[in-house]
Amino acid sequence: MRKRKKTVPANTIAQLAHFMSGLQPDQKSLTEIQTVYDNLTLLGQLLGAGTDISSMRSDFNNLASVLLDQLAEEHYKKASLNLGSCSRVAIDVLTRNLFERTADIGFLATDSEICAFAEAVELDPNAKLDPKRLSQLHSHFTEYVNKYSVYHNIILLSPEGEVLIQLDEHSPVTHTKDELVKQALKTQAGYVEVFRPTDLLPGASSPLIYAYRVMAKDNSRAVGVLCLCFKIQDECQRIFEGLIAEDDWTVITLLDSTGLIIASSDPCQFPIGVRIEPARDNDCKIVRFAGREYLAATRPSNGYQGYAGPGWLGHAMAPLNHAFELSGALELQTVPDDLVNCVLETATLFSQELRDIPVKAASIQQELNRAVWNGNIWLTSDNVGQNAAFAKVLLREIGSTGVRTRNVFSESTTNLYKTVVSSVLFDCGTQAALAIDIMDRNLYERANDCRWWALTRSFSEELSKIDFEDKDQRKRVTDVLRTINSLYTVYSNLMLFDLMGRVVAVSNPGYNDWLGKTLPENWVRPTLGLKNTESYFVTSFSATDLYAGLPTYVFSAAVRETEGNDPIGGVSIVFDSTPQFEAMLRDALPRQADGSLVPGAFAVFAERDGRIISSTEASLIPGSRISIGAEFLHLERGENYSNIIIYNDCYYAVGSCMSAGYREYKSAGDSHQSDVVAMIFSPLSDRVIDVESLRSNRELAIDTYAAHKTIGGDSVDIASFYIGHNWYGIQTIHVVEAIDTDRLTSMPG
């Protein structure tokens with residue numbers, strides 16, 4: 001049988017333009033004028049009075065085609081920007097989350113209680129049946145998941161694959177043959193990352209598990225394998241919900257390297273486990289799925305702090321008939337018209353081809369004006385005869401068409417410019433939301449870390465018998481802190497302090513001069529007064545000697561008695577805010593089509609009163625206040641705002657978004673509720689212009705081609721014209737024709 005060749009979905013801008021409803025008003029206006037040109041050209045040729053406008057009609061058709069192509073291009077760019085942003089943000093936010101998981105497994109596998117239980121079972125298999133031991137370790141697991149709520153199960157295995165204990169008491173699994181056990185025992189890396197079906201979690205199609213070996217106390221041998229089971233679908237849905245509005249047709253999926261769907265924002269349209277074709281290039285592509293065509297964008301992860309992720313892809317799609325619904329200049333609806341006009345007049349965003357459109361439209365009008373002028377000269381001649389009345393009507397129509405041409409192109413070009421500017425404003429708002437989400441997620445981990453590390457048994461044991469003269473004791477505690485800090489590199493320093501607030505040990509040798517000193521009472525006392533192990537304390541963002549006099553957050557949690565709840569000291573972790581916040585902001589900066597940063601764009605984290613936390617702009621120093629309207633700062637939780645402002649004598653598009661928290665962090669039950677706003681600034685111009693100057697610069701083409709009536713008396717026909725700003729006139733009997741200067745040749749000498 002003869003097989004039909006595979007057809008490739010159309011993917012040109014011209015073909016996609018059929019789905020861009022925003023183009024229809026401009027298409028209609030241009031088509032109407034195009035019809036007028038066709039009629040006037042025919043009539044002008046019939047009249048033969050120097051009114052043939054064939055060349056102007058051709059110029060108009062060419063320019064109309066360029067304008068519509070540019071409009072379609074900008075609509076496409078905005079839709080691509082949205083899909084590309086969704087796919088990139090989805091995979092990058094997940095990658096950052098998974099990076100934290102690689103640190104979690106490395107540290108938890110060294111937990112003294114877990115290690116002691118696994119070693120006890122190795123020495124005596126009946127130890128795993130001890131109710132007291134099991135209850136204590138199960139409670140330990142529960143404490144961990146209460147803080148790190150991204151996990152749904154913790155499993156401790158023997159080196160042979162036997163399940164020694166797990167958090168999920170309803171799981172029927174008692175043994176595993178999964179290769180991850182051997183991998184975790186032998187790996188030279190700090191973790192094993194597994195995403196595939198496994199007999200450890202028989203009900204899950206493709207669970208995500210992080211595993212690592214558990215060593216004996218003397219570190220001589222592996223006595224078990226610890227597994228952390230990540231809530232991959234729950235986390236992905238949280239990411240998707242933050243990117244897609246209720247009325248949005250966009251669907252976001254995560255794909256593995258082969259195109260298999262791992263997670264989907266709409267499983268009814270794109271079920272998990274189905275394979276689709278990624279858009280491999282850094283551009284959008286039309287893909288077919290289930291008999292429907294979608295505009296799709298695919299982005300790989302940018303990685304985070306050396307962690308590249310599992311090799312997954314972010315993939316966003318929108319049905320073709322809905323893909324361009326947000327392509328209009330909706331973001332400019334709240335911007336005052338005068339400000340928009342000033343921006344359009346001075347913006348540096350537009351290509352030369354875009355800027356040439358109004359110039360070429362004016363040139364067409366000038367050619368039509370010349371045709372009308374020559375036609376009027378012809379009307380004064382003696383051979384006009386009975387065609388005079390018809391000729392006058394035709395000339396008026398040609399003149400009016402020139403005015404309409406210029407005005408329609410002016411209006412359509414303005415719409416085009418607005419689409420370009422609104423895309424920048426849209427991008428700023430999107431990136432601001434990304435920046436604050438990254439911050440909330442990061443600080444969620446910090447709140448978890450300090451609470452969990454405060455439960456470290458060795459800290460409790462050492463603080464219960466603290467002796468500042470015992471160097472061996474200090475070394476033991478310091479080694480634990482340094483081990484933690486080596487895994488969690490976002491901290492400048494980790495400290496352990498006693499009930500009096502005196503520093504017992506630090507992870508950073510650069511702060512050894514703090515040993516034995518008393519920490520500030522304004523956060524030591526609240527830390528020691530925390531009611532339970534779920535509570536933590538965080539300082540305001542302020543300068544501290546614990547961070548070389550720079551501003552940062554210090555998270556603290558109380559260390560409690562080994563067999564009780566009374567505090568006997570605390571753990572404080574100093575967040576390395578300067579590089580960490582700056583890295584978050586840099587990752588959120590808007591980018592150009594080639595992936596490079598937009599020149600002149602910068603980002604800011606600030607508190608509600610405008611006090612700067614971090615900025616990528618060197619002149620905006622943390623601790624100082626940014627000068628910007630209150631509307632960018634006084635937002636509700638999770639609310640965003642975008643507008644155009646004048647900053648440093650330039651127009652900037654600015655998007656801002658207020659923090660909303662993440663999971664338990666800054667939730668209703670969290671005592672820490674500080675409001676932080678992220679702002680993204682993207683330059684639109686290199687200067688500003690006042691409204692009055694703008695109005696004097698702009699010339700409105702008015703239709704002055706009304707019928708002129710001669711009111712009695714003798715008259716003479718004068719052909720008038722301008723040279724510079726001077727108005728001259730010549731009797732028409734002395735005029736042959738007005739021609740374009742391009743047709744003139746200079747005489748030698």
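Note: hydrogens, waters and symmetry copies are ignored here, and every other heavy atom, side chains too, is used.
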Handout entry: Counterpart residues, ring-ring contact (aromatic ring centres under 6.0 Å, His included), relative to Tyr641 (two or more places apart)
Key = Phe632

Practice task
Provide the full list of salt bridge (Lys or Arg N to Asp or Glu O under 4.0 Å) pairs with a residue in residues 152-164, sequence neighbours left out, each pair given once.
Solution key: Lys128-Glu162

Practice task
Could you label the plane-to-plane angle of the Phe324 and Tyr76 rings as parallel, tilted or perpendicular, counting under 30° as parallel and over 60° as perpendicular?
Solution key: tilted

Handout entry: Aromatic plane relationship, Tyr488 with Tyr491 - under 30° parallel, 30 to 60° tilted, over 60° perpendicular
Key = tilted

Problem - Donor-acceptor pair between Asp256 and Thr258 side chains, under 3.5 angstrom - result: yes

Exercise for the section: For Glu100 and Tyr444, test the side chains for any donor-to-acceptor distance below 3.5 angstrom and give the result as yes or no. Expected result: no

Practice task
Can you run down the salt bridge (Lys or Arg N to Asp or Glu O under 4.0 Å) pairs that involve residues 300-318, sequence neighbours left out, and say none if there aren't any?
Solution key: none

Fill in the blank from the handout: Here the pair of heavy atoms bringing Ile244 nearest to Ser265 is CD1-OG, 3.6 Å

Practice task
Take the angle between the ring planes of Tyr210 and Phe230 and call it parallel below 30°, perpendicular above 60°, tilted in between.
Solution key: perpendicular

Exercise for the section: For residues Phe195 and Trp312, establish whether the separation of their ring centroids is below 6.0 Å. Expected result: yes

Practice task
For His315 and Thr298, test the side chains for any donor-to-acceptor distance below 3.5 angstrom and give the result as yes or no.
Solution key: yes

Problem - Pair Gln305-Thr489, side-chain donor/acceptor within less than 3.5 Å - result: yes

Handout entry: Those residues that, when tested against Arg482, pass side-chain hydrogen bond (donor to acceptor under 3.5 Å, both in side chains) (two or more places apart)
Key = none

Exercise for the section: Return each pair, listed once, that meets salt bridge (Lys or Arg N to Asp or Glu O under 4.0 Å) where at least one residue sits in residues 193-214; pairs must be two or more places apart or across chains. Expected result: Asp178-Arg196

Problem - Side-chain donor-acceptor pair present, Asp576, Tyr547, cut-off under 3.5 Å - result: yes

Fill in the blank from the handout: Across all chains, not counting sequence neighbours, the ring-ring contact (aromatic ring centres under 6.0 Å, His included) partners of Phe605 are Phe581

